Every structure is written in structure tokens, then in C-alpha cells.
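The structure presented is a predicted model; accordingly, all values stated were derived computationally and were not measured. Below, each value reflects all heavy atoms present in this structure, side chains not excepted, and no hydrogens, waters or symmetry copies. Chain identifiers are assigned alphabetically (A, B, ...) following the order of the sequence lines, protein sequences preceding nucleic acid strands; residue numbering begins at 1 within each chain.
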Number of protein chains: 2
Amino acid sequence: MSITRYQVIRTHVLSLVEAGQLKSFDRVPSENELAEQFSVSRMTARKALQSLLDSGVITRVRGKGSFVADLQVTGSSLRITNIAEDVRAKGHTFSSVVHSLEEFNASGDVARRLLLSDGEAVFYSDIVHFDNNLPIQWERRYVLREQVPEYLAQDFNLRTTHDYLAQVAPLAAVRSSISAINADAKAVERLDVVPQEACLLVERLTESRDGIVAFSQLIYPGTRHKLGASYEL
Amino acid sequence: MSITRYQVIRTHVLSLVEAGQLKSFDRVPSENELAEQFSVSRMTARKALQSLLDSGVITRVRGKGSFVADLQVTGSSLRITNIAEDVRAKGHTFSSVVHSLEEFNASGDVARRLLLSDGEAVFYSDIVHFDNNLPIQWERRYVLREQVPEYLAQDFNLRTTHDYLAQVAPLAAVRSSISAINADAKAVERLDVVPQEACLLVERLTESRDGIVAFSQLIYPGTRHKLGASYEL
DNA sequence: AAGTGGTCTAGACCACTTG
DNA sequence: AAGTGGTCTAGACCACTTG
């Protein structure tokens, strides 16, 4: 079995990603660009990109292009939890502090996750949730305006963003990734943790039947909170 | 988005399998047969069969033909992750280093999780897994001796603990928790991270039909690895 | 020799997003 | 209007397995 042309192209693009020359969400050469560069037909270049899509290395959007995917490896299963219910189920008092609720010009990672152009406006909320006055979750949420036009008019002390969104834009799909980060100055302030303390970062893209609704970043003090997942086979 | 021709063909073949007209190992119509039957080009028929291959519905052998695959045991989205497969799916090289494989006297947390008394002996493995020579998972596993008597005799360079355990003690239930920790000296050594770097800690209790099998601690460099979970509702 | 799947070409039309 | 990815065509050569 000799090495095929599409494998050569696949390996080339993969090496760009692995060498760090292309980072998450960076644009990957298009089918036409690769076809010209490697002197192959577009279908062959396409096959290379398609195999990278299948491997989860890139994502593709018609009309826009192909992009390096977010790091993600495993697929475990996680319940979508309602933090207010979880706290109350323990017999504790749940409360929230809304730090920001405003319009925001998406850029960088946030824009790319939401498939927006740099500078497009989204709704933004910055809220900390407490369990008996101890901060347990810092929630930053970027919401598409056309999907949830009344987002800024809500009182998120009365109802969590999760509950409100579940009502106005019922979930159809959720993609989450979980990583660990060291607390920066802002996290120290919001969550009352020690500088550099390990925290859980859950990034979540939620979709309704009408498409993407929101991108959320949920940060938990690592030592104060565990995410649970269980399944029976 | 209209229904494409290859989807029509895919659906047709799939319905034959689901209706039981084609059983495991039965021959599926060839690319040429389908192309003629549906009046499409061979490439379009091929795309339909290829998508069935990707879904695990059929297998294909050059020169022989396409055949209905053996019964699938897929638990849909509740996949328990196999790190070796995940790495290889990206086209990367997977390798492992076994640091310890020995008997160990359980105590504290480990004993409690396994419902043992303090000081009872279990089998213990300490292994680091690499993605292209970059450490991505440090796995410490505590295994009940009576459930897996031959655990210490295995070569976990050839087969991961996950694969071995899946074979000798099929999973019946899994309970995981995920938290964030700051890297201690041992983690720095095993995972080649910076001291205090945030890492993901996945703790997992696995059970077979005969009861608890093992307790595992899986530690991932936080910045180098994300756990992904996605579900469609 | 005839049939199979694997790769590849050089075109085409389309829906969609961006300047 | 130009670029993107998605689908599709009608050919081609190939390696491989089977009668």
C-alpha cells in the first residue's frame, strides 16, 4: 500500500497543527488552496480535509472555511446540572450576584465559537453563584441576540440564566469541554480562591433547533467542587 | 437542506439491514450495483456505502465486497473513553510507560472507595500515557485481587489496563467525578508540567456484575487536554 | 477475465458567507 | 462578485479476490 496523495495533504495539515503553527480556531487552507499547492484535484484535497474532520482535528463551515478544532479528546458523559437545584437539594441557600449584564463585542475565541465575525455584538452576562454564601460557580455567558432578544431585560437573581434559556430556547444539543486552569486575578476576586489555585473550566456551546444559542464559560473552584458523572451500562 | 442522493441510498441499505432482510455478514450490493439501481455515478453510491462504513453498519473488503457488520454493542453517546483509540484516531502515536505494577496496601480514601479495611492488599498500577511522546494522562489504578487475579502478570505496554479490564471484567457501571488540582511534585515528574499547574483529576469507580472492580485516578495536564462531552437531546 | 473496493481527475451546479 | 464547502458526474487506473 503506497502513500496516497490525500494522505500526504492530510499529514501536512496535521503537522501544521501539531507544530503549533495553526492553533485552535485558526483558519486551515481551503480545498482550492490545497488543490493548487499540491497539484491535485479539488476532490483529493477535499478528501484530506474530510478525514481531518472525521478525526475531530478541524471543523468546517460552508461559505466560511475550515478551522482547527478546539482541543478535545474523550467523550464521557455529564449530566447537565442545574446549579440552583443542586444547592437547594443539599438544604443549602442558593444566591447569585450579577456583575454584568450588557452588550459585548465578540472577538477572538468567543466570536469563533459562536461562528460570528470579529466585533459582532452579543449579549453578555457575568454572574457568580453561591452555596451558603460561598462562591461555587462563576458563569460567563455569551448569548446570540437574534435567538434571545430579551436576554438583557431579565432579572437573573430571580431565575438563573440556565432556567431562562431552557424556557425560551429549548436545548437541542450541547457540546462541553472540561479543562483545568490556574486562577487569574479576576477568578481570585470572583471566587475568593488563592492565586494560582486550580479551577475547573467548563466551556459549553448550546444549540436549539434553530442553531447556536450561547457559549458559556463556567469556572469552579477545583477543591470546592466536583463534577459527577455516572452511567450504568 | 434537501435530501441528497447518497442519503437516499444510505437509507435504503440501512432499512434492508434494520428490517432483517440483510443479516450480519450478508453481502451488501456493490457500488456498481447501487449506482445502476439508483441511476447515479459510482462515486455517489460509494459515498453512501462509505458513510455506512463510518457508522459501523458494514465492513468492506477490496476485491470481495461489502458486508453487514457484526452486531453492534454501541451504547450511543455514553462511550467510555479509550485513550489509546482517541490518540490513534488523531493519527498520533500512542505509547505508555509503566512505573509500577505491584501489590499495595490500601488505606484512607482508596480503601474507603473500594469498601475495604485499612491495610488490605490490592493490585496497583502507575502508568503514564503519551500522545506523540507528550504525556497526556497519568493513570493510577487500584484493582481488587479476587476480581482480577492475573492483573500483575499483564504487559500494559501491549494492551492498556482499560482494554484488559474490559475483557476480564466487563463494565456494568461507572461512577466518575472530575475536579481540578494543582500539580504536586510527583505530578510534575510524571506529566512534565510546571509546579502548581492546574490539572484535571478524574476519579472513577468501576463495577462489573460481580461488584466493584477498580478505583482509578486519572490525571491530565489541564492546558494540554480537554475532556469533551456532547449530547443531542 | 470479470468483479470488487480505493484513489484520482477535471469538470459542474449549488447554498452560503464575505467584501 | 469572489470564495467557501457540499454534492455529483463520467470517466480512469489500480490492487486485490474470485471463478
Side-chain angles (χ1 to χ4, degrees), chain A residues 1-13 22 25-69 105-107 111-122 144-146 210-212, chain B residues 1-13 22 25-69 91:
Chain A
M1 186 65 178
S2 63
I3 293 173
T4 61
R5 300 187 194 213
Y6 80 83
Q7 284 173 325
V8 170
I9 300 172
R10 182 198 144 93
T11 302
H12 170 257
V13 175
L22 290 177
F25 311 112
D26 281 354
R27 201 177 156 285
V28 163
S30 71
E31 296 177 355
N32 286 321
E33 287 165 349
L34 289 169
E36 191 181 3
Q37 185 182 346
F38 286 88
S39 301
V40 299
S41 72
R42 192 192 133 208
M43 284 296 277
T44 299
R46 173 177 177 72
K47 192 166 180 176
L49 290 180
Q50 207 62 27
S51 82
L52 289 170
L53 177 70
D54 293 341
S55 302
V57 175
I58 64 173
T59 58
R60 317 193 73 194
V61 184
R62 188 199 307 224
K64 289 190 139 180
S66 302
F67 305 88
V68 179
N105 294 317
S107 65
R112 284 190 286 264
R113 294 292 194 99
L114 293 170
L115 302 180
L116 296 177
S117 309
D118 243 50
E120 275 196 78
V122 296
L144 289 191
R145 298 192 301 173
E146 57 269 34
D210 299 327
I212 292 174
Chain B
M1 188 63 178
S2 63
I3 294 171
T4 61
R5 299 187 194 212
Y6 80 84
Q7 284 174 326
V8 170
I9 301 172
R10 181 198 146 93
T11 301
H12 170 256
V13 175
L22 290 176
F25 310 113
D26 282 354
R27 200 177 157 286
V28 164
S30 71
E31 296 177 356
N32 286 322
E33 288 165 349
L34 288 171
E36 191 180 3
Q37 184 182 347
F38 287 88
S39 301
V40 298
S41 72
R42 192 193 136 209
M43 284 297 276
T44 298
R46 173 177 177 73
K47 191 165 179 177
L49 291 179
Q50 206 62 28
S51 81
L52 289 170
L53 177 69
D54 293 340
S55 303
V57 175
I58 64 173
T59 58
R60 316 194 72 193
V61 186
R62 188 198 310 224
K64 291 187 135 180
S66 301
F67 306 89
V68 179

Open item on the list: With heavy-atom distances below 4.5 Å as the criterion, would you say the side chains of Leu144(A) and Leu116(A) are in contact?
Closed with: yes
- [ ] Might you work through the side chain to side chain donor-acceptor pair (under 3.5 Å) test for Ser51(A) and Arg10(A), ending with a clear yes or no?
- [x] CA-CA 7 Å; Ser51(A) 82; Arg10(A) 182 198 144 93; 3.2 Å; yes
In whole angstroms, how far is the [atom2] atom of [N] from the [atom1] atom of [X]?
X	N	atom1	atom2	result
Met43(A)	dA10(C)	CE	P	13 Å
Leu34(B)	dC8(D)	CG	C1'	16 Å
Arg5(B)	dT9(D)	CZ	C1'	9 Å
Leu53(B)	dT4(C)	CG	P	17 Å
Glu36(B)	dG11(D)	CD	C1'	17 Å
Leu116(A)	dT18(C)	CG	P	9 Å
Ile3(B)	dG6(D)	CD1	P	19 Å
Ile9(B)	dT7(D)	CD1	P	13 Å

Taking 4.0 Å as the cut-off, does a side-chain nitrogen or oxygen of [X] come that near to OP1 or OP2 on [N]?
X	N	result
Ser66(B)	dG5(C)	yes
Arg27(A)	dT4(D)	yes
Asn32(B)	dG3(C)	no
Ser41(B)	dC8(D)	no
Tyr6(B)	dC8(D)	no
Thr44(B)	dT9(D)	yes

Between [options], spot the one nearest the side chain of [X], thanks.
X	options	answer
Arg60(A)	dT9(C), dG5(C), dG6(D)	dG6(D)
Lys64(B)	dC8(D), dT18(D), dC8(C)	dT18(D)
Lys47(B)	dT7(C), dT9(D), dT7(D)	dT7(D)

Task: Any strand: nucleotide that pairs with dT18(D) via Watson-Crick or wobble, under 3.5 Å - done: dA1(C)
TODO: Please give the nucleotide sitting opposite dA12(C) as a Watson-Crick or G-U wobble pair, both distances under 3.5 Å, or none.
DONE: dT7(D)
Task: Val40(B) to Ala45(B) - nearest heavy-atom pair and separation - done: CG2-N, 4.1 Å
Open item on the list: Using the rule side-chain contact (heavy atoms from CB on, under 4.5 Å), only one of Val28(B), Val13(B), Ile9(B) pairs with Leu52(B); which is it?
Closed with: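 Passing option: Val13(B).
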Open item on the list: For Val61(B) and Leu115(A), find the nucleotide of DNA chain C closest to each by heavy atoms; which residue's nucleotide sits nearer the 5' end?
Closed with: Val61(B)
TODO: Could you pick out which residue, Glu31(B) or Gly63(A), lies toward the 5' side of DNA chain C when each is mapped onto its nearest nucleotide?
DONE: Glu31(B)
- [ ] For Arg42(B), answer base if it contacts any base atom (sugar-phosphate contacts may also be present), sugar-phosphate if it contacts only those atoms, and nothing otherwise; contact means non-hydrogen atoms under 4.0 Å.
- [x]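 Answer is base: heavy atoms of Arg42(B) come under 4.0 Å of a base.
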Open item on the list: Under 4.0 Å, heavy atoms only, any strand: does Arg46(B) hit a base, just the sugar-phosphate, or nothing?
Closed with: base
TODO: May I ask you to say whether Arg145(A) pairs ionically with Glu120(A), meaning some side-chain N is under 4.0 Å from a carboxylate O?
DONE: no
- [ ] Give a yes or no on whether Gln37(A) atom CD has more than 12 heavy-atom contacts from other residues, nucleotides or ligands under 6.0 Å away.
- [x]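 Check passes, neighbour count above 12.
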